[in-house]
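What follows is a single structure, written as C-alpha cells, with notes after it.
Naming convention: chains lettered A, B, ... in sequence-line order (proteins, then strands); numbering from 1 in each chain. Please read these numbers as outputs of a predicted model, since none were measured by experiment.
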Amino acid sequence: MSQISLTFPDGTKRDYAAGVTPAEVAASIASGLTKKAISATVNGAHFDLQWPIKADATIAIHTMADDAQALDLIRHDCAHIMARAVQEIWPDVKVTIGPVRDYGWFYDFDRAEPFTPEDLGAIEARMRQIINARDPVRTEVWPRADAIKFYEAKGEPFKVELIGRIPEGEDLRMYWHGHWQDLCRGPHFQHTGQVPADAFKLTHVAGAYWLGDSTRPMLQRIYGLAFKNREDLKAHQTMLEEAAKRDHRKLGREMELFHLQDEAPGMVFWHPNGWQIWRTLEDYMRGRLRHAGYKEIRTPQVVDRVLWEKSGHWEAYRENMFIVEVDEEGAKEKRINALKPMNCPCHVQVFNQGLKSYRDLPLRLAEFGSCHRYESSGSMHGLMRVRGFTQDDAHIFCTEDQIESECAGFIALLSSVYKDLGFDKFDIKLSTRPPVRIGSDETWDKVESALTNAIQHLGLPYQINPGDGAFYGPKLDFKLTDAIGREWQCGTFQVDAQLPVRLGAEYVGEDGAKHHPYMLHRAILGSFERFIGILLENYSGRLPFWLAPRQMVVSSIVSDADAFVYETTNALKKAGVRAEADTRNEKINYKVREHSIGKVPVILAVGMKEVEERTVSVRRLGDSKTEAMTLDQAIAEFGFAALPPGGQ
RNA sequence: GCCCUUAUAGCUCAGCUGGUAGAGCACCUGAUUUGUAAUCAGGGGGUCGCGGGUUCAAGUCCUGCUGGGGGCACCA
C-alpha cells in the first residue's frame, strides 16, 4: 500500500499508509489522544475518526475542547439518537432527514398521529437510555443500488428518494448507532455515550413540508436543543425566556401602544402612545430625507387596475392584492381597482407629469407610503409581518452614471439613521444578475460595479449573493443586528431599468433625445410597523428619551406640592418634553413602580423639600438612585434630550 | 395556504372523569397625605371566540368557521 503525507497544524509532516483513519493518526501521536479525539478536519472538511484518508492532506485532530466540532457532533448524534428512539417506540414511523441547526437540531418524521408533549418526554427518556448504553457508531460506504434495495426492503420511501437525489459519484454513507441504521453524510461520534445526557432538550413539534416543497407531504418536525453541558443549555433557555419578555406584542399591550383584532387581521390599531412613537420616528425620517435632497410626495391608495396591468403587477402579483370593486350606477361595467401593494408605479406617474430634463436628475421622490398586501394567513406575526403597512419609500430617478454616487449617498444616510436609532452594526448583501434577466451583459457589468464601487469606497464589508438579484437589476439588502444578536433585514436598494420603460418614464438628455431613466427603489426602515417592532424588542421597550412616547412623569409626594408639580410639568411641556403630572393620592412608591413598569424614562418626585428649594428629584429608568436638580437645570437638560438626534 | 396547538373578566390564568363560572392584578367607591418598584377596606364586572350537534344537563365531549401561537411554504 502506498504512503501518504499528513501535515499537522504546527507544520510538521508525518507519513502514513494510504487509507489511514484519523483515529489511527490520533493514536500514533499520543496515547491520551486516542480517548480524547472526537473527529478531525482533513483538508478543511470535518472528518469522522473512522473515515480513511486516501491522499496527502492537512489534518487537525479535534477533542471536546473544540466547540465548533464538538457541538456539531453532539447535535448531529442527537438527531440520530432521537430518530432511533422514535422508531424504537413507534416502529411504523418513517424517517427522513435530521440536520444540525443553531443551538440544536431537528428531525422530520412521517407518522399519522401527531406527536404530543408527552411523547416528547418519552422520546427524551429513551434517548437517555440509548446514550447510557454507549452503543458503538459504525459507518460504511455502500453502492447506491444496494442502499436503495436495503431501504425499499425496510419500507423507508423517503430514504429511497433521498438516495436518488445524491449526485452520482458522491460516496453513499451508511451509519449505525447500535442496531439502528440511517443514511447520513456524517461525521459522528464513536459511541452514543459521547453525547452529554443532561445537556439536550426536545422543545417542540411543527409541521414541515418534505423537501421544503408545499406540494409534497407535510411531515412532523421535532426540534431539539443540545449543548456541551447542562449549564450551557440552561443559559440558552434563560436567554430564550429573556427574549420572550421583550416580545413586541407583549410590550405593545403593556405600554398601551397598539392592538390587533379579528375584524382586521394584519392591520394595526395604533393607540396614543404607539402613534406618538410612530410620529416621532416619521418626523425624524422626514428631516433626514429633506437634508438628503429628497422631495416628499403623497400618492393614492386606490388605483385602477389599468395601471397595475401596465406595471405588470396585475399579472404577477394579483393574488396578493386587495381588490376593490366599485359598482357605479349606470356604468356598463364595474370599475376594478386595487389598494396599492407598493408605491413605485404611482411615483412614476408623478415623474411623468411635465417634461423632464437631464438637469432634473437625480430626482428623489419620497413617500411614507401606505401599502396593503394580502399576505397568507400563516405568515402574519404581530407588527413584524402585516397586511397594511407604511414604507419609508423613495424612488430615485437618475442616469446610469449617477447610480454609484446615489448608492454611496444612500448607504451613508442609512448607516447614520441606524446609528441614531441604536443599531451600530449592519451587514450588506449584494445580489447579482440572475440566470433569467433582461438587459445586456454590458449594462449589468456597469450597474453591478457601480454598487460594488459605492460600497468599497465607503470601506464597508459586504457579502455577494450570486444570481439572487431581480430580473430587472441587482440589489443591496441591509441587515441590522439587535441588542440580543438577532438579525433583521430592513433596508434595501434596488436598481430597476424595467419599470420606467414599462410605464413610459423619459427625460430629455444632453443630446436632445429622449431616454429612460433608471429607477432606484430604496427604503431604510422598511416599514414603520416592523421597524417599531424591532425598536421595541431591541430596547426591551425602554426606548431612548427622544423616542419614548411618555418621557417624564412629575409625581407629587404630598398634595401640598401639587401646584409646583403643575408648574414643573407645564414648564417641561413648553420646553418640548412629553411630560405628565401625577398628583393622585398615592404613595410615591406606588407611583414610581407604576411608571417604571410603564417604561417612562424619567420620573420626577416633588415633595415639600423640593417646593421650598424649587428643585426636583430625578429618577431615571433602570437606576435606583435619585439626583437632585433645580427646576431650571431640569428644563434645560430634558428639553435638549427631547430633540431627535442631529438636533433637528 | 398546510401541520400542530390554542381561544374563560381589561390583563395573566384556575375550572378534576359533563351538573349553568373563580383568583390575582386592573377598574370604581371610601379611608389614608405618604420620600423613590405594590396602603387598607368595600364594590361592580364574563350570553366561557362564533355557529351547529350529542346529552335530562356543555366552559368541559363532537363538528364547522374565525382569530391567536409555534413551525413549514410564501414575502415578486
Side-chain angles (χ1 to χ4, degrees), chain A residues 106 108-117 119 203-223 244 247 249-250 253-254 256 259-266 311-321 341-342 344 373-382 384-387 389 434 469-472 475 489 492 494 496 498-499 521 526-527 530 553 555-562 583-598 600 603-610 616-628:
Chain A
F106 64 77
D108 289 348
F109 298 98
D110 184 39
R111 180 187 182 219
E113 303 76 39
F115 288 109
T116 64
D119 290 343
T203 56
H204 59 285
V205 186
Y209 294 111
W210 167 234
L211 299 173
D213 181 343
S214 61
T215 65
R216 304 300 304 271
M218 178 67 75
L219 306 169
Q220 293 189 65
R221 176 171 295 179
I222 302 180
Y223 287 89
D247 188 304
R249 293 165 296 187
K250 189 165 135 58
R253 222 179 8 252
E254 289 169 359
E256 298 180 62
H259 85 271
L260 294 141
Q261 68 182 48
D262 295 5
E263 289 82 356
S311 71
H313 291 110
W314 190 260
E315 199 189 355
Y317 199 67
R318 188 176 164 185
E319 61 188 27
N320 287 300
M321 288 163 70
M342 63 253 322
C344 349
R373 298 181 188 176
Y374 193 78
E375 301 287 357
S376 61
S377 59
S379 67
M380 286 180 301
H381 179 88
M384 300 305 192
R385 184 97 177 257
V386 288
R387 284 180 176 161
F389 57 96
F471 71 94
Y472 50 75
K475 64 171 178 176
Q489 209 240 287
T492 185
Q494 299 178 20
D496 183 359
Q498 170 76 353
L499 202 59
H521 308 254
S527 90
R530 185 155 176 275
V553 176
S555 302
S556 60
I557 296 173
V558 292
S559 53
D560 285 346
D562 286 1
T583 53
R584 290 174 303 169
N585 177 12
E586 295 290 350
K587 288 187 154 182
I588 189 67
N589 297 1
Y590 180 89
K591 296 182 185 180
V592 166
R593 177 168 196 275
E594 190 176 277
H595 302 312
S596 297
I597 289 170
V600 176
I603 299 168
L604 300 188
V606 175
M608 288 321 287
K609 179 166 165 270
E610 285 74 19
V616 289
S617 166
V618 180
R619 184 186 167 117
R620 293 166 206 268
L621 188 59
D623 197 350
S624 59
K625 284 193 300 266
T626 60
E627 179 190 348

For this session: Using the C1' atom on both, measure rC13(B) against rC74(B) and round to a whole Å.
Result: 35 Å
Discussion item. Using the C1' atom as the point on both nucleotides, what is the distance between rA9(B) and rG49(B), in whole Å?
Written reply: 14 Å
(Q) Students often get this wrong, so: under 4.0 angstrom with heavy atoms, is His381(A) touching a base, only sugar-phosphate, or nothing? (A) sugar-phosphate
Base-pair string, RNA chain B, Watson-Crick plus G-U, cut-off 3.5 Å on both distances, | for inter-strand, is (((((((..((((.....[..)))).(((((.......))))).....(((((..]....))))))))))))....
On a whole-Å scale, what distance lies between the P atoms belonging to rU12(B) and rG53(B)?
32 Å
Rounded to whole Å, the CG-P distance (Leu621(A) to rA37(B)) equals 12 Å
| query | Counting distance only, does the side-chain N/O of Gln220(A) pair as donor-acceptor with the main-chain N or O of Val205(A) below 3.5 Å? | reply | no
note: Arg584(A), atom CZ; rA38(B), atom P; distance rounded to Å ~ 14 Å
**Asked** In terms of heavy-atom contacts, does OH of Tyr317(A) have more than 12 from other residues, nucleotides or ligands at under 6.0 Å?
**Response** yes
Of the candidates rA37(B), rC75(B), rC72(B), the side chain of Arg373(A) sits closest to rC75(B)
Regarding the side chain of Tyr223(A), the nearest nucleotide among rG67(B), rG71(B), rG69(B) is rG71(B)
Check your understanding: Considering only heavy atoms and no angle criterion, is a donor-acceptor pair shorter than 3.5 Å present between the side chain of Thr626(A) and the base of rU36(B)?
Key -> no
message = Check this for me: does the side-chain of Arg619(A) come within 3.5 Å of the base of rA37(B) through a donor and an acceptor?
response = yes
In whole angstroms, the gap separating P of rU36(B) from NZ of Lys609(A) amounts to 11 Å
Considering only heavy side-chain atoms of Asn589(A), the closest of rC74(B), rG35(B), rU36(B) is rU36(B)
Handout entry: Nearest-angstrom distance, P atom, rA38(B) to rG43(B)
Key = 26 Å
Sort me out a list of protein N/O and nucleotides 1-5 of chain B N/O pairs below 3.5 Å, or just none if empty.
residue: rG1(B); atom: OP2; partner: Ser377(A); partner atom: OG; Å: 2.7
residue: rG1(B); atom: N7; partner: Gly378(A); partner atom: N; Å: 3.2
residue: rG1(B); atom: N2; partner: Tyr209(A); partner atom: OH; Å: 2.5
residue: rC2(B); atom: O4'; partner: Tyr209(A); partner atom: OH; Å: 3.3
residue: rC3(B); atom: O2; partner: Gly207(A); partner atom: N; Å: 3.2

N/O to N/O distances under 3.5 Å, protein versus nucleotides 7-12 of chain B:
residue: rC11(B); atom: O3'; partner: Arg253(A); partner atom: NE; Å: 3.4
residue: rU12(B); atom: OP1; partner: Arg253(A); partner atom: NH2; Å: 3.1

Assign Glu586(A) to base, sugar-phosphate, or nothing according to its heavy-atom contacts below 4.0 angstrom with the strands shown.
base
For this session: Mark yes or no for whether Ser556(A), through its side chain, and Ser559(A), through its backbone, hold a donor-acceptor pair below 3.5 Å.
Result: no
**Request:** Would you indicate what Gly212(A) reaches in the nucleic acid, counting non-hydrogen atoms under 4.0 angstrom: base, sugar-phosphate, or nothing?
**Result:** sugar-phosphate
* Asked: Side-chain N or O of His204(A) less than 4.0 angstrom from OP1 or OP2 on rG69(B)?
  -> no
Atom CG of Asp560(A) and atom C1' of rU33(B) are separated, to the nearest Å, by 8 Å
Should Arg620(A) and Glu627(A) count as side-chain neighbours, where that means a heavy-atom distance under 4.5 Å?
yes
Pairwise P distance for rU60(B) and rA21(B), with rounding to whole Å: 13 Å
Between CD1 of Ile597(A) and C1' of rA26(B) the distance, given in whole Å, is 12 Å
Given the rule in the side chain to side chain contact (heavy atoms under 4.5 Å, CB included) test, do Leu621(A) and Val600(A) qualify, once you have shown the distances and angles that lead to the verdict? CA-CA 7 Å; Leu621(A) 188 59; Val600(A) 176; over 6 Å; no
From the candidates rG71(B), rU39(B), rG35(B), the one with an atom nearest any side-chain atom of Ile588(A) is rG35(B)
Out of rC74(B), rG35(B), rA38(B), minimum distance to the side chain of Ile557(A) belongs to rG35(B)
Practice prompt. Using a cut-off of 6.0 Å, state whether more than 12 heavy atoms not belonging to Gln261(A) lie near its atom CD.
Written response: yes
Result for side-chain contact (heavy atoms from CB on, under 4.5 Å) between Arg387(A) and one of Ser379(A), Ser377(A), Ser376(A) points to Ser377(A)
- Interatomic distance at C1', rA73(B) relative to rC4(B), whole Å: 15 Å
Whole-Å distance, Met384(A) CE to rG69(B) P, equals 12 Å
For nucleotides rG67(B) and rC25(B), find the distance between their C1' atoms and express it as a whole number of Å. 25 Å
Student check: side-chain heavy atoms of Val553(A) and Lys591(A) closer than 4.5 Å: no
query = Using atom C1' of each nucleotide, how far apart are rG35(B) and rC48(B) to the nearest Å?
reply = 45 Å
| request: Under 4.0 Å between any heavy atoms, over every strand shown, what does Arg530(A) touch: base, sugar-phosphate, or nothing? Just pick one. | output: nothing
